[in-house]
Amino acid sequence: MNSATARRPPGTGGVLAAALTEALPRLCAGAAPIDPAVLALIGALAQALEDGTLELDLDGAMPEGLEAGRWPESYRQALLNSPLVAQATAPAEAPEAPLVLAGSRLRWRRWHLQLESTLDALVARARQSVTPLPDAAPLAAFAELDAQQQRAVTAARQHGLLLLSGGPGTGKTSLVVQLLAEQLHHHPQLRVHLAAPTGKAAARLREALERNCGALPAALAARVLAAPCSTLHRLLESSGERFGRHAGRPLELDLLVVDELSMVDLPLMAALLEALPADCRLVLVGDPAQLPPVGPGPVLQELMRPERRSQLGDGAVELCTTYRNGGAIAAVTAELRHAGPIQLAALEPMLRQLDPQANLQWLQADAALAALAEHQQRLAALAGAADDQQQPEDWAALLNELERCVLLTPIRQGRWGVAGLHRQLLGEAAARACSQWPLGTPVLNRRNLPEHGLANGDVGVLVGQGSARRVLFPGGRQLHPALLGQAEPALALTVHKSQGSQYGTVWLLLPPGRDWDARLIYTGLSRARERACLITPSA
């Protein structure tokens with residue numbers, strides 16, 4: 001089962017599927033009879049869209065609700081004979097067809113056209129020659145580069161696009177600093193911007209740049225750190241309904257770095273490319289083993305397909321050497337990088353071999369709840385002290401505690417879901433308004449508030465008493481709880497909401513009774529800086 005199923009409102013997939021299977025034959029096929037097998041595939045494709053997936057792969061696993069005896073050849077033949085399906089090689093021959101069959105992949109026509117045009121635009125940028133930098137000795141601070149890193153440096157010098165992929169600890173961020181430093185060393189007036197899909201991811205990118213600039217000469221480090229860093233929505237001047245930056249009002253940039261590309265969906269990438277000048281160098285950075293975006297169209301996963309990677313040529317570089325010792329967390333996530341849906345039982349032999357002192361432990365749920373209760377107490381004490389004194393160091397201690405640990409789960413409802421966990425941790429207060437939660441409760445913002453520098457997914461902490469209640473966010477920003485609308489407690493988060501973040505300790509809870517996407521487990525465990533605890537029913 002795809003992990004995204006847990007975040008879909010109950011019944012929405014079935015409603016959409018029913019509407020489409022009724023309307024599409026009537027609107028697009030006229031009087032032609034429609035094979036029931038095609039209608040079943042439309043229903044499965046509607047279900048996939050609810051999960052953020054734009055296609056069905058006839059050479060992959062059979063979707064739920066189809067007939068095993070007919071998968072895939074009988075369904076493939078029905079598609080080839082249907083007036084509702086156009087061939088990707090000749091879409092004009094069936095201009096009214098709402099579906100497209102591209103090899104073994106069945107897609108909605110609209111998404112197929114946008115996906116292909118977006119990927120083609122990225123390939124064109126990778127093949128675009130740019131004015132090369134003058135030959136020069138590498139900067140002393142980064143003289144030691146392995147072969148893959150050197151390939152990336154060379155590609156950034158010579159091509160309009162660099163796709164830089166790799167897992168945790170492979171040096172992606174330090175290499176980005178190298179690339180920026182080299183470009184700004186030769187072109188001090190270069191207009192540079194760094195961006196990420198979420199506010200937390202952008203903040204983490206800024207922090208990583210600061211850590212990696214220490215070895216640079218002071219003047220060059222200052223140039224690198226002067227580059228603005230924001231969310232993609234803020235860069236594109238999103239108003240919620242549309243973007244203020246587009247082809248008619250393009251971005252004024254010479255170099256753009258986009259981090260956490262695994263979280264970028266197709267519509268956002270299409271909007272970015274529309275607003276990006278043709279001569280702007282583009283560096284895309286991401287880990288393809290992480291979860292795909294919540295929105296439709298996993299751009300990074302599409303670019304990592306062999307046929308697309310070959311089209312990118314030297315513009316695609318994957319870093320494979322791990323330079324940061326991640327202990328047992330790294331060992332387990334390495335096993336998960338290329339796995340598919342996985343049963344908990346398949347993980348148990350590996351988990352039973354963990355050393356008791358390893359940075360990854362296999363525990364029961366009560367241990368996680370006890371640790372979170374202690375975390376609550378520390379947050380409340382620090383929030384109370386900060387409220388009394390209003391000193392910057394008190395805010396810093398409170399915000400550091402906020403990111404000391406978190407409990408992650410794939411689902412929202414039920415005893416093992418986010419809502420159920422908060423009921424256990426907060427009691428009756430969990431159902432009340434944010435302003436009535438206990439002092440020190442972490443708060444998940446669910447709105448984009450660009451005027452306050454906040455994005456959907458940012459996490460703050462509740463401070464103050466009575467009418468002075470505020471939510472404190474990193475950077476010292478304080479907002480009245482009413483401004484946040486439908487905020488949620490954030491002692492526990494879904495794995496999707498945690499993307500782009502890191503915590504000292506991560507407690508990853510895996511509910512029983514289903515197979516989990518290995519990318520979900522990988523993403524959850526790799527949010528941990530120091531320690532991770534895997535919580536399963538059989539621990």
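Predicted, not measured: the structure shown is a model, and the values here were computed from it.
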Stepwise side-chain contact (heavy atoms from CB on, under 4.5 Å) test for L509 and L408: CA-CA 6 Å; L509 190 153; L408 302 180; over 6 Å; no
Give every donor-acceptor pair under 3.5 Å between a side-chain atom in residues 188-209 and any protein atom, sequence neighbours left out.
| from | atom 1 | to | atom 2 | distance (Å) |
| --- | --- | --- | --- | --- |
| R191 | NE | D254 | OD2 | 3.1 |
| R191 | NH2 | D254 | OD1 | 3.0 |
| H193 | NE2 | S230 | OG | 2.9 |
| T198 | OG1 | A201 | N | 3.1 |
| K200 | NZ | Y503 | OH | 3.4 |
| R206 | NH1 | L225 | O | 2.9 |
| R206 | NH2 | A227 | O | 2.5 |

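- Within the 4.5 Å cutoff, the side chain of L439 has no heavy atoms near those of the L462 side chain.
- Counting only distance, with no hydrogens or angles, the side chain of R249 and the backbone of G244 share a donor-acceptor pair below 3.5 Å.
- For the pair H452 and R477, the minimum side-chain heavy-atom distance is 4.5 Å or more.
- Between V418 and T409 the shortest heavy-atom distance is CG2-CG2, 3.5 Å.
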I'd like to know whether L122 forms a side-chain contact (heavy atoms from CB on, under 4.5 Å) with L282, so could you lay out the CA-CA distance, the side-chain angles of the two residues, the decisive distance to 0.1 Å, and finally the verdict. CA-CA 9 Å; L122 289 169; L282 180 60; 4.1 Å; yes
Please lay out, stage by stage, how Q311 and R308 fare under the test side-chain hydrogen bond (donor to acceptor under 3.5 Å, both in side chains). CA-CA 5 Å; Q311 291 174 345; R308 286 295 180 183; 3.0 Å; yes
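- To the nearest 0.5 Å, atoms CH2 (W108) and CG (L113) are separated by 14.0 Å.
- The CG atom of L484 lies 9.5 Å from the CG atom of L444; values are rounded to the nearest 0.5 Å.
- A distance of 8.0 Å separates CZ in R223 from NE2 in H185, rounded to the nearest 0.5 Å.
- Side chain of H159 to backbone of A155: no donor-acceptor contact under 3.5 angstrom is found.
- Between the side chain of R281 and the backbone N or O of L255, no donor-acceptor pair lies under 3.5 Å.
- The CG atom of L303 lies 6.5 Å from the CG atom of L261; values are rounded to the nearest 0.5 Å.
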Should R105 and E302 be marked as a salt bridge (Lys or Arg N to Asp or Glu O under 4.0 Å) after you check the CA-CA gap, both sets of side-chain angles, and the distance that decides it? CA-CA 12 Å; R105 300 159 76 186; E302 288 292 338; 2.8 Å; yes
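- With hydrogens and angles ignored, the 3.5 Å screen pairs a side-chain donor or acceptor of H480 with a backbone N or O of A482.
- Without hydrogens or angle criteria, R151 side chain to A316 main chain gives a donor-acceptor distance under 3.5 Å.
- Heavy-atom minimum distance, P410 versus W516: CB-CZ3, 3.4 Å.
- When side chains are defined from C-beta on, T441 does not count as touching L379, because their heavy atoms never get closer than 4.5 Å.
- L472 is listed as a side-chain neighbour of L399, based on a closest heavy-atom distance under 4.5 Å.
- In terms of heavy-atom proximity, P91 sits nearest to A88 at CD-O, 3.4 Å.
- Expressed to the nearest 0.5 Å, how far CH2 of W507 lies from CG of L407 amounts to 8.5 Å.
- To the nearest 0.5 Å, atom CG of residue L291 and atom CG of residue L520 are 5.0 Å apart.
- A heavy-atom distance below 4.5 Å is found between the side chains of R309 and M304.
- Side-chain atoms of S262 and D287 include no donor-acceptor pair closer than 3.5 Å.
- In this structure a side-chain-to-backbone donor-acceptor pair under 3.5 Å is present from N359 to A328.
- Ionic pairing of D279 and R125 is not present here: no N-O contact between side-chain nitrogen and carboxylate oxygen is shorter than 4.0 angstrom.
- In summary, R242 and E274 do not engage in a salt bridge, as defined by a charged side-chain N under 4.0 Å from a carboxylate O.
- Across V294 and H496, no two heavy atoms sit closer than the pair CG2-CD2, 3.6 Å.
- A salt bridge is defined here as a Lys NZ or Arg NE, NH1 or NH2 lying under 4.0 Å from an Asp or Glu carboxylate O, and R412 with E488 meets this definition.
- Side-chain N or O atoms of S498 include none that pairs as donor or acceptor with a backbone N or O of S501 at under 3.5 Å.
- At least one side-chain heavy atom of L256 sits under 4.5 Å from a side-chain heavy atom of V258.
- Taking all atoms of both residues into account, the shortest heavy-atom contact from L268 to D265 is N-OD1, 3.0 Å.
- Side-chain N or O atoms of R447 include one that pairs as donor or acceptor with a backbone N or O of L483 at under 3.5 Å.
- Residues L266 and P296 have side chains not in contact (no heavy-atom distance under 4.5 Å, counting atoms from C-beta outward).
- With hydrogens and angles ignored, the 3.5 Å screen pairs a side-chain donor or acceptor of Q128 with a backbone N or O of A278.
- A cation-pi arrangement is absent between R469 and W437 under the rule of less than 6.0 angstrom and at most 45 degrees off the ring axis.
- The pair E55-R305 meets the salt-bridge criterion, with a side-chain N (NZ, NE, NH1 or NH2) lying under 4.0 Å from an Asp/Glu carboxylate O.
- Remark: the backbone N or O of R446 is not paired with any side-chain donor or acceptor of Q486 at under 3.5 angstrom.
- Around the CD atom of E252, the shell of radius 6.0 Å holds no more than 12 heavy atoms that belong to other residues, nucleotides or ligands.
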Carefully, step by step, assess R107 and E116 under the rule salt bridge (Lys or Arg N to Asp or Glu O under 4.0 Å). CA-CA 11 Å; R107 298 171 177 159; E116 293 300 311; 2.9 Å; yes
List the steps, then state whether side-chain contact (heavy atoms from CB on, under 4.5 Å) holds for L398 with V463. CA-CA 10 Å; L398 177 58; V463 299; 3.6 Å; yes
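- The shortest heavy-atom contact between L236 and A275 is CD2-CB, 3.7 Å.
- Between K172 and V176 there is no side-chain heavy-atom pair separated by less than 4.5 Å.
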V224 and N212: CA distance, side-chain angles, deciding distance, side-chain contact (heavy atoms from CB on, under 4.5 Å) verdict: CA-CA 10 Å; V224 172; N212 283 277; over 6 Å; no
